[in-house]
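In what follows, a single structure is set out as structure tokens and then discussed.
Labels below follow one simple rule: chain letters A, B, ... track the order of the sequence lines, proteins then strands, and each chain is numbered from 1.
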Amino acid sequence: MAMDFKEVFEQWSWQEASEKIYAKTAADVEKALAATHKSLDDFAALVSPVAADYLEQMAQQSHALTQKRFGKTMQMYVPLYLSNECQNICTYCGFSFTNQIKRTTLTDAQILAEAEVIKQMGYSHVLLVTGEATQTVGVDYILNAIKILKPHFSNISIEVQPLEEEEYALLAQEGLYAVLVYQESYHQETYKSYHPKGKKSNFNYRLDTPDRLGRNGIHKIGLGVLIGLEDWRVDSFFCALHLDYLEKKYWQTKYAISFPRLRPATGIIAPNFIISDKELVQLICAYRLFNENLELSISTREKAEFRDKLVRLGITSISAGSKTNPGGYAVTPEALEQFETDDNRSATEVAAMIRNQGYTVVWKDWETTYA
Amino acid sequence: MKKLIIAGREFNSRLFLGTGKFGSHTQMQSAIIASATEMVTVALKRVNPDKEDEDILHFIPKENMVLLPNTSGVRTAKEAILAAELAREALETNWLKLEIHPDPNYLLPDPIETLKAAEELVKKGFIVLPYINADPVLCKRLEDVGVAAVMPLGSPIGSNNGLQTKAMLEIIISQSQIPVVVDAGIGVPSHAAEAMEMGADAVLVNTAIAIATNPIIMATAFKMATEAGRMAYESGMGIRNFKAVASSPLTAFLDE
């Protein structure tokens, strides 16, 4: 019987991974750049500090590989926040339990009102987002949301609390396409300090979530770390380790990586680790070189001018015109956000920007009936 | 050049185009025109009736064109049949490129699910063109269940690696009673010419044209290469030899 991820994960210590990355030399980076199929060891070289000197080469490779695999296309998606109720304390999040904000969970009518507006914006792919409030926003609530949204969207994904295996099976049956579940950090002690209370404080349950997804026929699994909690190089190495394991085990599943950088939000602390724009480009290119089939996603957390440049550097899906508060599109546009967005252009404006760079904007690339 | 016939329909062009990876719909349209193709494949999942002005179908020339919807994205025979029925309804055609690739990385087709779905879809009245690995036995099995043509791959889709499966393609072509369309991996015009010289009935190209800096010139180059390869095949090519032929050293004594 093949190992589960925890066993793979425990073969590495943070220290060991960190030393491996920081010991990489220019020769290691050159070897990685020359390899046809890049190994995890090559990934470590590509995220190492010395690889910064090879950024243009990495970007060229990333651009060429992305066009070969995805063509000159960019997928559009938009988040739909259903609830900001949350029983977790996450010290970086605007929805954290102890934050004194007005809590909202959308009703069916409100969900449909929001859907109407984002359909008008042009969207066909939607990402449903919630906090973790099992009593009010449990699997039944999510299931219902998918049911009522299915006639209006061709592709539905979720970014919600980790669920049980049977619950994922239920959602998959209903037409759910993808589940995004970021580990936030693979550093166990750091994870504990950022998530002191609530179900989310259970590191291992979260770590096991992609396995529960893989076993239940979800079409796509989204992984990532919250950049700013820990050293991004080491955290990303563990994320790549996770990806590598999942891809071999659940070979019918697609994988996506997101690059959330900590953003200001009400009541939160500043990031401990800063990643520069240049380093974020290095990270995006490193993932693309490591895996040419990955979907790489960028949100409105990033500023407009930077996002414009990322279109040609390996990113394959992008959100625009996003609201990060429940009801933000139609119901209560003034409510408090999970985080501040930095690119506030409309979907139409972002689509025009993409086209100007010689890419086709893809609004629809699925049929919910396929699931 | 002899006309190609698939399911009773005549084709002047032996070059088919995929539509997925172009930088814009107008660019795709120009490439289609330049290629002189008469059959293009389009992923049903990309068809977007909600945004008609931006919909890919809107940009595909209608005249003398067979629209070949494909089932890209499905993982099983069951999903493929569902997708095929949706495609028939939405695009009003019985033509179908059956592609079932559960592996999202190399997009390699599942032979078991493909055969199952093909059998069912033929019974339902579809003109089925299955995308498959270059497996001669599978081609014969598909022929037995009544598909209209087979579409074996030259190398993994989008790889531009050419005819890596050449030995198997030669067997498929020599055995087939239905048209053989070499589908994936054709990266440069010489690959298309090579496939045609081998006796393939047609080739399908997408990535190589779509991601070229100038897709229109590339589409023209593929048109010419496909025609050249076919003409050479029909001309009755001489056998290629790598060495000069010795003058009967083993049997010359018989004439002495």
Side-chain angles (χ1 to χ4, degrees), chain A residues 36-37 63-76 119-125 152-155 177 217-221 247-248 250-256 291-295 311-312 347-348 351 354-371, chain B residues 18-28 43-51 53-56 59 71-76 78-87 89-90 100-108 110 113 156-161 187 206-213 215:
Chain A
T36 319
H37 291 278
H63 175 70
L65 284 172
T66 308
Q67 279 210 349
K68 181 163 82 77
R69 176 64 179 80
F70 294 86
K72 297 171 189 164
T73 68
M74 183 65 69
Q75 177 68 50
M76 302 290 290
K119 284 281 284 183
Q120 289 296 323
M121 289 160 76
Y123 285 107
S124 191
H125 288 212
H152 305 282
F153 293 95
S154 58
N155 183 297
Y177 177 76
I218 296 287
H219 282 267
K220 190 176 85 185
I221 300 176
E247 210 171 39
K248 291 196 173 87
Y250 308 106
W251 62 278
Q252 300 201 357
T253 310
K254 277 190 188 187
Y255 296 91
N291 186 324
E292 65 180 79
N293 304 298
L294 267 184
E295 181 184 304
V311 168
R312 294 167 60 80
T348 312
I354 294 164
R355 282 191 205 101
N356 284 339
Q357 297 198 50
Y359 284 70
T360 297
V361 173
V362 176
W363 297 97
K364 174 177 173 290
D365 196 25
W366 195 245
E367 296 280 343
T368 38
T369 41
Y370 281 10
Chain B
T19 53
K21 293 178 163 180
F22 287 90
S24 71
H25 290 339
T26 47
Q27 202 176 59
M28 174 199 74
L44 176 68
K45 65 189 170 102
R46 283 276 176 92
V47 174
N48 191 1
D50 284 352
K51 277 181 97 72
D53 54 329
E54 275 187 50
D55 190 18
I56 194 162
F59 294 82
T71 59
S72 170
V74 306
R75 302 188 292 193
T76 63
K78 202 174 145 221
E79 289 172 5
I81 291 163
L82 202 67
E85 281 169 345
L86 275 172
E89 199 183 305
I100 306 179
H101 28 75
D103 142 42
N105 284 352
Y106 298 99
L107 305 177
L108 292 170
D110 183 327
E113 296 295 316
I157 198 162
S159 69
N160 289 343
N161 272 339
N206 183 4
T207 308
I209 296 175
I211 73 170
T213 307

Atom group of [X] that falls short of 4.5 Å from chain A, counting heavy atoms:
X      : answer
B:N48  : both
B:R75  : side chain
B:A90  : neither
B:P215 : side chain
B:I56  : neither
B:S72  : backbone
B:I157 : neither
B:A210 : backbone

Check your understanding: In terms of heavy-atom contacts, does OH of B:Y106 have more than 12 from other residues, nucleotides or ligands at under 6.0 Å?
Key ->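 Count not over threshold, so no.
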
Practice item. Mark yes when over 12 heavy atoms from residues, nucleotides or ligands other than A:K72 sit less than 6.0 Å from its NZ; otherwise mark no. Key: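 Atom NZ in A:K72 is crowded, with more than 12 foreign heavy atoms closer than 6.0 Å.
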
**Study point:** Toward chain B, the part of A:K220 with a non-hydrogen atom under 4.5 Å
**Key:**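 Neither; nothing under 4.5 Å.
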
**Study point:** Part of A:F70 lying under 4.5 Å from any heavy atom of chain B
**Key:**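 Contact with chain B is through the backbone of A:F70 alone.
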
Review point. Does a side-chain heavy-atom distance below 4.5 Å link B:P102 with A:W251?
Key: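 Yes, side chains in contact.
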
**Study point:** Side chain to side chain, A:E367 and B:V74, heavy atoms closer than 4.5 Å
**Key:**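 The answer is no; the side chains never approach within 4.5 Å.
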
Exercise for review: Kindly say whether A:T360 contributes a backbone atom to a donor-acceptor pair with the side chain of B:S24 at under 3.5 angstrom?
Suggested key: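 Checked: no pair found.
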
**Study point:** Under 3.5 Å donor-acceptor, A:K364 side chain and B:K45 backbone
**Key:**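 Side chain of A:K364 to backbone of B:K45: a pair is present.
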
Review point. For B:E54, which residues count as a side chain to side chain contact (heavy atoms under 4.5 Å, CB included) partner, sequence neighbours excluded?
Key: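 Here the qualifying residues are A:R355, A:W363, B:K51.
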
Exercise for review: Using a cut-off of under 4.5 Å on heavy-atom pairs, state which of B:D50, B:T207, B:V47, B:N160 scores highest against chain A.
Suggested key: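 Maximum pair count with chain A is reached by B:V47.
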
Check your understanding: Do you know the tightest heavy-atom contact between B:G20 and A:T73?
Key ->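 Residues B:G20 and A:T73, closest heavy atoms: O-CG2, 3.5 Å.
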
Exercise for review: Please say which of A:R69, A:E292, A:E247 ends up in a side chain to side chain contact (heavy atoms under 4.5 Å, CB included) with B:N105.
Suggested key: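 So the option named by the test is A:E247.
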
